[in-house]
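Worksheet: one structure, shown below.
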Amino acid sequence: MALFLRRCWLAHGPSGRSLRRREASLGAAGPGTAVRVRFAPSPTGFLHLGGLRTALYNYIFAKKHGGSFILRLEDTDQTRLVPGAAENIEDMLEWAGIPPDESPRRGGPAGPYQQSQRLELYAQAAEALLQMGAAYPCFCSPQRLELLKKEALRNHQTPRYDNRCRHLSQKQVAQKLAQEPTPAIRFRLDKDVPAFQDLVYGWNRHEVASVEGDPVILKSDGFPTYHLACVVDDHHMGISHVLRGSEWLVSTAKHLLLYQALGWQPPHFAHLPLLLNKDGSKLSKRQGDIFLEHFASAGFLPAALLDLITNCGSGFAENQMGRTLPELVAQFDLSRVICHSALLDLEKLPEFNRLHLCRLVDSKPQRHQLMGKLRALVEEVFGSQLQDRAVLEPAYLERVILLRQGHIGRLQDLVSPVYAYLWTRPAVERAQLDAITEEVDMITQRVLGLLDGAGLSLTQDSLNRELRKLSADLPGTKPSHVMKLIRVALSGQLQGPPVAEMIVSLGPQEVRARIQQVLSS
Ligand code: GLU
């Protein structure tokens, strides 16, 4: 690069030649053909809800239009890379059910998909810009730049580069290059910024040259800065639509100037409003647990997260709860995305999860998967405490899941202390029952009788009827005490699902065994 720059500068100086011919040889696809969108995070951290939202809207838009969803890792700032972040981003997109069609891991026709492996392309573009005089080498020392910044701050002005190296003569450049063969390259910001119509924010024009100095596009170490890399990649990857956070809206002016200088047709832009906490504060600042890993390990369903995120955003005719990904794709309409920030209410997540869990339980194959997960959870949480491994049988697990469907937010809830009775026998003393009522023998005998009752099928309805009769036959005992006694005998707890449901889920044999165990204690 350095050699090329020197040769080129010395031979031609700025030439102003158009890049159109050159670009044809680079084989780039322009917009207007297939929809190709990209999610372009920097692997400087693990995937969080803000990133998921951007990825999700890109995914939905791609699928809606039969296009491709691309994951590109913007890893040019090597000092900020976080180990494991690149893998985590791909893993979490897979987990969320929105896998990219092309990515570092999956490969694809426009790869490589990591910017650190595309340095040659940025160098080519920078050289082309140099040749045509749209960019220039900058020899300013870090000390000078720091001084400029301090001075601006002292004068209460926004720091900006003063474009000093823009005005070096050809001779001065040649002399300086001899001393410093790999200078940074700056892009000459033009005053004629094209206006553009953002698909969300409408017409936009940002006179960037009047508020900013010429930006560095290629650093002296050969790595590009964001603006150049983003434009070069969006072009070479044939990106048709750029859907990204609204924090990048002002940068678009710079990008358009780069497209203009390079003679490339820009993609369409749609900036997505910010995703904020319910109280309007910034997502990452106040919310500790916004990383997807946290939601995955806490047992939340990806479908619930996607539903919650789109529910608080816009892009749909109606604001419904419980939409699945295919429904989101079918109902999405980019023209319905509005500029208002999306306020995320994470307190609603358990409710969204409950709805999506119900859906899974309703589908037999999904229910079977849930049974497998529940079995693993039970083994993990109760492991050696399990007295009877029959609780791990599919029929038992399925019964529990079906009975608790609609009552639990997460599958994990079923292994919380309140449901421990489903998996292990509680240690209950006869004295605990005596403290509830004097009719322990009478009530327990009647319940045992019910279990043996000829022709009585153990449904919740039939049990409720019988339990009501039992209470009615004991005028000295409150019905609530009858229920409390059975509940304590079966679970050792004062709270939990309805008593009839407890009996049905445990089954007659186990209920009998538990009651007899308490009576003989
Ligand atoms: N790497 C940028 C980010 O971290 C991507 C911005 C864009 O999508 O152009 O958000």
Side-chain angles (χ1 to χ4, degrees), residues 31 35-62 67-82 85-86 88-90 92-93 98 100 102-104 110 112-119 121-122 125 187 196 198-201 204 206 208 215-217 219 223-259 264 266-276 282-284 290-292 334 337 342:
V35 163
R36 285 176 64 80
V37 292
R38 83 314 190 263
F39 171 48
S42 301
T44 51
F46 286 21
L47 189 63
H48 58 69
L49 291 177
L52 177 69
R53 205 268 304 240
T54 307
L56 175 60
Y57 275 78
N58 274 284
Y59 177 92
I60 291 177
F61 186 75
S68 302
F69 169 53
I70 292 148
L71 170 67
R72 177 174 78 223
L73 293 177
E74 303 209 326
D75 59 348
T76 55
D77 190 348
Q78 299 277 304
T79 59
R80 292 182 55 226
L81 299 185
V82 166
N88 174 270
I89 292 169
E90 287 225 57
M92 288 297 113
L93 289 180
I98 53 170
E102 299 167 31
S103 73
Y113 294 90
Q114 272 139 299
Q115 290 189 327
S116 57
Q117 293 176 19
R118 302 170 63 84
L119 299 186
L121 285 172
Y122 314 128
F187 177 59
F196 75 101
D198 187 87
L199 296 174
V200 173
Y201 284 79
N204 254 275
H206 174 55
V208 62
V216 169
I217 52 172
K219 294 179 283 183
F223 276 83
T225 57
Y226 160 68
H227 302 293
L228 179 69
C230 170
V231 165
V232 167
D233 286 344
D234 284 344
H235 172 72
H236 288 306
M237 291 182 171
I239 299 301
S240 62
H241 295 75
V242 169
L243 272 61
R244 62 183 170 197
S246 59
E247 66 271 31
W248 301 105
L249 186 61
V250 287
S251 302
T252 311
K254 240 175 271 172
H255 299 175
L256 289 170
L257 287 173
L258 278 164
Y259 279 106
W264 296 340
H268 300 289
F269 291 95
H271 287 87
L272 303 169
L274 292 178
L275 183 64
L276 302 174
K282 211 176 143 199
L283 204 57
S284 49
I290 57 162
F291 294 98
L292 258 64
L334 185 61
V337 176

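When a ligand or atom number is given, it counts from 1 through the structure's own listing order. Note that the structure is predicted; figures quoted are calculated from it, not measured. Here, residue 1 is the first one in the sequence, and each next residue gets the next number.
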So, taking the atom named CD1 in Ile290 and the one named CG in Leu47, what distance separates them when rounded to the nearest 0.5 Å? 9.5 Å
Any idea which heavy atoms bring Phe269 and Leu256 closest together, and the distance? CE1-CD2, 4.0 Å
How many angstroms lie between atom OH of Tyr226 and atom NE2 of His255, to the nearest 0.5 angstrom? 4.0 Å
What short N/O contacts, under 3.5 Å, does ligand 1 make with the protein, listed by atom pair and distance?
unit_1	atom_1	unit_2	atom_2	d
ligand 1	1 (N)	Ala40	O	2.8
ligand 1	1 (N)	Ser42	OG	3.3
ligand 1	1 (N)	Glu74	OE1	2.6
ligand 1	4 (O)	Ser42	OG	3.4
ligand 1	8 (O)	Arg38	NH1	2.7
ligand 1	8 (O)	Arg38	NH2	3.4
ligand 1	9 (O)	Arg38	NH2	2.9
ligand 1	9 (O)	Tyr226	OH	2.6
ligand 1	9 (O)	Arg244	NH1	2.9

Within the side chain of Ser240, is there an N or O that forms a donor-acceptor pair under 3.5 Å with the backbone of Arg36? yes
Taking atom CZ of Phe291 and atom NE2 of His48, what is their separation to the nearest 0.5 Å? 6.0 Å
To the nearest 0.5 Å, atom CZ of Arg118 lies from atom CE of Met237 at 3.5 Å
